[in-house]
Participant: 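My structure is below; once you've seen it, I'll send some questions.
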Number of protein chains: 2
Amino acid sequence: MNKYPNQTRFLIAIDCIIFGFDGENLKLLLIHRALVPEKNKWSLMGGFVQPDESTDAAAGRILKQLTGLEGVYMDQLRAFGNPSRDPIERVVSIVYSALIDIRKYKEQLSDEYQPEWFLLKDMPQLIFDHEEMVRAALKDLRYKAALHPVLFELLPEKFTLPQLQALYTGVYDAEFDKRNFSRKVLSTGLLIKQKEKDKENSKKGAFYYVIDKSKYKDKFHSFLNFVPNPDNFLF
Amino acid sequence: MNKYPNQTRFLIAIDCIIFGFDGENLKLLLIHRALVPEKNKWSLMGGFVQPDESTDAAAGRILKQLTGLEGVYMDQLRAFGNPSRDPIERVVSIVYSALIDIRKYKEQLSDEYQPEWFLLKDMPQLIFDHEEMVRAALKDLRYKAALHPVLFELLPEKFTLPQLQALYTGVYDAEFDKRNFSRKVLSTGLLIKQKEKDKENSKKGAFYYVIDKSKYKDKFHSFLNFVPNPDNFLF
DNA sequence: TCAAAAGTGTTCGGACTACACCCATGA
DNA sequence: TCATGGGTGTAGTCCGAACACTTTTGA
């Protein structure tokens with residue numbers, strides 16, 4: 001097995017940053033850590049990479065373990081390789097971040113880990129370097145979302161413009177002008193207006209939209225500039 | 001040492017993608033691989049992470065081993081974790097990419113590894129998944145350089161606008177209008193015009209510029225839009 | 001004097017910003 | 001009828017794109 005002699009081998013963990021949107025707020029899914037040390041403290045969902053398992057597959061497995069979800073949007077952020085990041089033993093962690101629609105999936109949340117959704121501003125202290133991971137993931141999400149329609153991954157099949165705007169508001173912790181916002185997102189041609197309205201959140205009701213999937217795939221990598229003056233929000 | 005029981009440990013490699021600019025062309029530094037398998041084939045410079053060494057430090061060490069350089073701009077790209085990526089034994093590789101000024105440093109290149117600079121379009125076949133790594137790094141570089149003044153890291157202390165433009169041309173494999181280009185880079189306020197000219201590359205001579213270091217640090221993260229219609233070049 | 005590269009200015013159109021009022025409805 | 005949130009339009013400005021000629025100087 002060990003064909004490269006005289007080299008040290010390391011544990012490799014996956015940690016998952018799971019962003020969710022419930023139609024009103026951007027949230028982060030955390031668990032009570034089951035292992036010592038720091039047992040019962042809040043933590044990202046994680047696990048060790050297994051033999052013959054790709055890191056991407058490990059991330060998918062770990063996400064599924066917690067949420068029951070497969071086929072979710074998930075991207076590798078980067079590896080965290082500080083030798084003292086886990087006080088027990090050296091572990092290099094590869095961090096993935098996922099975007100999920102809370103309402104669609106909340107029933108499937110396993111509670112073996114006592115998971116809980118937190119508003120970013122109410123995030124508790126996390127173990128190890130997990131807070132740094134979250135900060136990096138949020139920055140990365142803001143970066144991507146300023147240019148590409150990633151946030152659409154967090155939405156239910158049908159959603160309204162006010163919901164979409166609430167999502168952007170949550171991600172950037174900033175208000176956007178609704179006239180400019182709707183003009184901009186509609187100008188992408190990615191949204192198809194539905195006949196029905198969502199009447200739950202207002203008396204007048206807001207029209208539902210769905211994503212035009214084919215255009216979404218085509219334009220995903222285009223520079224769409226969803227966020228005015230991104231400088232103000234990113235750093 | 002092994003405090004987390006029953007978990008598999010893995011080799012972790014660092015691979016370095018080293019971009020360089022010689023005043024005319026963007027190039028990539030490759031080595032002849034010293035180890036079997038694929039001995040003597042072209043490869044990225046790499047090595048294994050050592051105990052008690054952070055992955056960032058390992059990347060710095062490996063870069064220095066090859067180039068003699070320290071304090072170079074270097075960023076982690078991401079981890080490559082496919083279990084079959086190295087046919088000998090499973091190795092998870094964390095890829096870093098560095099930007100260096102070829103002329104400033106070429107004397108320091110160790111030739112233990114028989115390193116050679118290649119134009120991107122003349123890149124030979126590489127071992128394992130190294131070509132995928134290079135593609136990903138180039139994409140990442142194009143992405144960053146479209147928005148931030150990263151490419152300035154590749155330049156010598158004094159450089160001319162035609163050189164800078166040649167660099168962008170190399171990175172994007174595309175021509176830019178020199179009037180718009182110079183207006184755009186000068187409008188950032190990051191460049192300070194010098195009195196002297198570079199007369200090596202033309203009869204008339206081109207004015208040298210230097211970076212305004214303090215403004216450079218301030219504005220590094222701003223969205224500067226160096227590249228017109230980035231959609232056209234990125235994907 | 002001529003070839004080769006450097007340097008510079010203008011016009012046009014589209015995009016972004018700021019801003020305020022009317023609409024539909026359920027209570 | 002009124003309070004609440006949804007939806008829309010415009011004017012001014014700025015920025016990006018396209019485009020061509022003059023300058024310098026060494027050979």
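The analysis underlying the following values was restricted to heavy atoms, covering all of them including side chains, and did not include hydrogens, waters or symmetry mates. Computed from a predicted model, the values in this text were never measured in an experiment.
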Participant: In whole Å, I'd like the distance from the NZ atom of B:Lys184 to the C1' atom of C:dG9.
Facilitator: 17 Å
Participant: Whole angstrom is fine here: how far is it from CD in A:Glu196 over to C1' in C:dT25?
Facilitator: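 Answer to the nearest Å: 18 Å.
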Participant: Could you check which of C:dG7, D:dG5, D:dG16 has an atom nearest any side-chain atom of B:Asn225?
Facilitator: D:dG16
Participant: Once you round it to whole Å, what is the distance between C1' of C:dC19 and CD of A:Glu175?
Facilitator: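 To the nearest whole Å, that distance equals 16 Å.
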Participant: Take atom CG of B:Asp198 and atom P of D:dT25, then tell me their distance rounded to the nearest Å.
Facilitator: 14 Å
Participant: Report the relative orientation of the aromatic rings in B:Tyr143 and A:Tyr143; use parallel for angles under 30°, tilted for 30 to 60°, perpendicular for over 60°.
Facilitator: tilted
Participant: Assess whether one donor atom and one acceptor atom, taken from the side chain of A:Arg179 and the base of C:dA20, lie less than 3.5 Å apart.
Facilitator: yes
Participant: Check every strand shown and say whether B:Lys178 touches a base, only sugar-phosphate, or nothing at a heavy-atom separation below 4.0 Å.
Facilitator: base
Participant: Let me confirm one number: the OG-NE2 distance from A:Ser43 to A:His32, rounded to the nearest 0.5 Å.
Facilitator: 10.0 Å
Participant: Picking from C:dG26, D:dG7, C:dG7, which would you name as closest to the side chain of A:Ala206?
Facilitator: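 For A:Ala206, the side-chain atoms sit closest to D:dG7.
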Participant: In terms of side-chain heavy atoms of B:Lys193, which of C:dA6, C:dT8, D:dT8 is nearest?
Facilitator: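 Nucleotide nearest to B:Lys193's side chain: C:dT8.
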Participant: Give a yes or no on whether a salt bridge exists between A:Lys158 and A:Glu196, defined as a side-chain N under 4.0 angstrom from a carboxylate O.
Facilitator: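 Salt bridge present between A:Lys158 and A:Glu196.
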Participant: Taking atom P of D:dG7 as reference, at what distance in whole Å does atom CG of A:Leu191 sit?
Facilitator: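 After rounding, the reported distance stands at 12 Å.
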Participant: Is the cationic atom of B:Lys193 (NZ for Lys, CZ for Arg) positioned less than 6.0 Å from the six-membered ring centroid of B:Phe207 and within 45 degrees of its normal?
Facilitator: yes
Participant: So, does the side chain of B:Arg183 form a donor-acceptor pair with the base of C:dG9 at under 3.5 Å?
Facilitator: yes
Participant: What's the CG-C1' distance between B:Leu161 and C:dT8, to the nearest Å?
Facilitator: 12 Å
Participant: Let me know the distance between CD of B:Gln163 and P of C:dG7, rounded to the nearest Å.
Facilitator: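 Between P of C:dG7 and CD of B:Gln163: 11 Å.
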Participant: Starting from the 5' end of DNA chain C, give me the residue, A:Asn180 or A:Lys203, whose nearest nucleotide shows up first.
Facilitator: A:Asn180
Participant: Under 30°, 30 to 60°, or over 60°: which ring-plane class applies to A:Tyr168 and A:Tyr172, parallel, tilted or perpendicular?
Facilitator: parallel
Participant: Rounded to whole angstroms, how far apart are CZ on A:Phe207 and C1' on C:dC23?
Facilitator: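 Whole-Å distance recorded here is 11 Å.
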Participant: If only side-chain N and O atoms of A:Lys204 are considered, is one of them under 4.0 Å from the OP1 or OP2 phosphate oxygen of C:dG26?
Facilitator: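 For A:Lys204, the contact criterion (side-chain N or O under 4.0 Å from OP1 or OP2 of C:dG26) is not met.
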Participant: Where each residue is assigned the nucleotide of DNA chain D containing its nearest heavy atom, which of B:Asp177 and A:Asn201 is assigned the position nearer the 5′ end?
Facilitator: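 Per heavy-atom nearest nucleotide, the more 5' residue is A:Asn201.
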